[in-house]
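By convention here, the first residue in the shown sequence is residue 1. All ligand and atom numbering here is 1-based and tracks the order in the structure.
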Amino acid sequence: MGILDEDIARVRDQTDIVAFISESVALKRVGQRYSGLCPFHQEKTPSFSVNPDGYYYCFGCQASGDAITFMRETEHLDFVEAVERLAQRSGITLRYDDKSVQKDRSRRSRLVEAVTAAVAHYHTLLLESSDGGPARKYLRGRGFDGDAARRFVLGYSPDEWDVLSRHLQQQKFSRDDIVSAGLAFVNKANRLQDQFRGRLMFPIYDTRGEAVGFGGRALGDDGPKYKNSPETPIYQKSRLLYGLNWAKADIVARGEAVICEGYTDVMAYALAGAPNAVATCGTALADDHAKMLKNLARRVILAYDGDAAGAGAADRWYRWEQELELEVRVADLPAGKDPGDLWRDTPDQLLPSLERAQPFLQFRVDRVLAAADLTTIEGRARAAEAAARMVAEHPSELVRDQYVIQLAGSLDLDADGVRSQVARAAMEPRRDAQHRRPSRPEHEGESEQPPEPVEPLRVDRRELDVLRWAVHDPALVADWLDEALFLDPVARGAYDLLVSSQDMHQAIDAAEGPVRHLLERLAVEDPQADDEPTTVRARLIVNTVDPVAKRMLARMLRDGDERARTVMVELDAVAHGREVGDWSRAQEAAMQLVRWVVTEARQSAQNGEGASGGNTRVEQEA
Ligand SMILES: [Zn+2]
């Protein structure tokens, strides 16, 4: 459920897109349109064009959309947030198509108000109360002064039962508000008891800058050292990063996010001149976090003990590097020290720790070499074996080979020897591997050459997913999937063979090269069924059509095609449905897009423009 369609239309119609975009881009009138330097890619001559009818399009990077898209992309908001912000701007009161959503929204703001009041109260207690002394002393001991405490709105929760609860009740917050906001719980005596006691308090904000919870550090010996707010409707730790509200703009500007483990580490970097640092809130860095960061920056630097983050997480880093195109580096911190320690002892070391950050694999290989005894042949061989196992885990053959050459150099070994060691390591089953690529049948003795490491295919993740379902549960895709929906030629080739063959064996036999490799992989990979079939189906349609429909839209905008507006409306409906979890609505709009994309492709094939229906580059060159 979400915002009423007619209200979304109202927001779109009443937003003066030229005035809106002019707030961030200098636009000049050129005929009917306005033109300026594209905010989505680096350029010196303007190729970004805004149509007063409500659309923008960039001839350089093909960015396109309407005011809602522009707000989403530049402010990094989701669809609903973007519409809400634009509505505010135009003075439109939005209605939601479900009363419960309206209720949820006001419930949410009530909880945020309660946490905000708690932040203020704890902050005052830290700065002014006499029993806040130990908290102030602890901060000073870590190198943080009063200005730092004010900048990060730190607080102090006294070691008493209900200081905060009583204060909030005086401010007319109900018991239910206070408990639901995670600030207190009802104890056995049926009385409110504060969640945090005797702790230094770090308020945690969401990306909009609304206070949603706390991390609390123990000042005495009681209880766990760190304690966080319980999960509440506004505090979900897998979707929160401490400090992101302050760091967001700098992360975007620098194209880089620093990820710490502790709240004081974030403060340390910010005070040292790296305001692009964030921390997870009492949880490991998860997929959701990586996706949040990916929208903001291309590179993340892990500013914690890389060995601890190390081996077990390698798969995850590489997967993020591949799927999210995130570059993962490890900060160069002295062994056993975190950024907070550096701030206290040698603050001038903080920025260099980031400048000297290394790619994750380099960091691990260096550790192995540093620990090895390189003075003996046996020591060098052992180091080579250990390093080869790490290098073998990297999915890119090019990257692996660079490391082979480097290793051979540092260990004074023959590069071919190291290379075959890496290749052998790649064939060994890994202890922690769950989704290892299937190993090739071995032909030992038939050839003297070591087996070549298998280069994983770089097929678009969404296209891979829909193909998995096409193989394992064709009923889910049979009535809508079409070759026109594939942008990746390898995926399209695989799909064509699947459709024209009687079974998987026949398809594989008929295939060659990367298409064959992909089909072989599909034969052994199961799709992830983590939802109801109807939801899986809807999500597949949405995810499959989204990129190709956007390409179609970009082409229509470029050509001044009037149908662009209707395509955009459906794309908005898809985005909206997806974000509020209304999959049937998203699917309805997505199916409309599927029909258009397929029809377009058929027509342009007839006109001899190529069959893909979306191959912008080819058409531009033609
Ligand atoms: Zn551009």
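Taking a cut-off of 2.8 Å, the protein N, O or S atoms nearer than that to the Zn ion (ligand 1) are Cys38 SG, His41 ND1, Cys58 SG, Cys61 SG.
Residues in residues 59-68 take part in these salt bridge (Lys or Arg N to Asp or Glu O under 4.0 Å) pairs, two or more places apart or across chains: Arg12-Asp66.
Judged by distance alone, the side chains of Tyr56 and Thr69 never bring a donor and an acceptor atom under 3.5 Å apart.
The side-chain contact (heavy atoms from CB on, under 4.5 Å) check on Pro233 picks up Leu111, with sequence neighbours excluded. Not counting sequence neighbours, the partners of Arg356 by the salt bridge (charged side-chain N to carboxylate O under 4.0 Å, His left out) test are Asp332.
Under a 3.5 Å cut-off, the side chain of Trp246 and the backbone N or O of Tyr242 do not form any donor-acceptor pair.
For the residue pair Tyr269 and Leu333, the shortest heavy atom distance occurs at OH-CD2, 3.9 Å.
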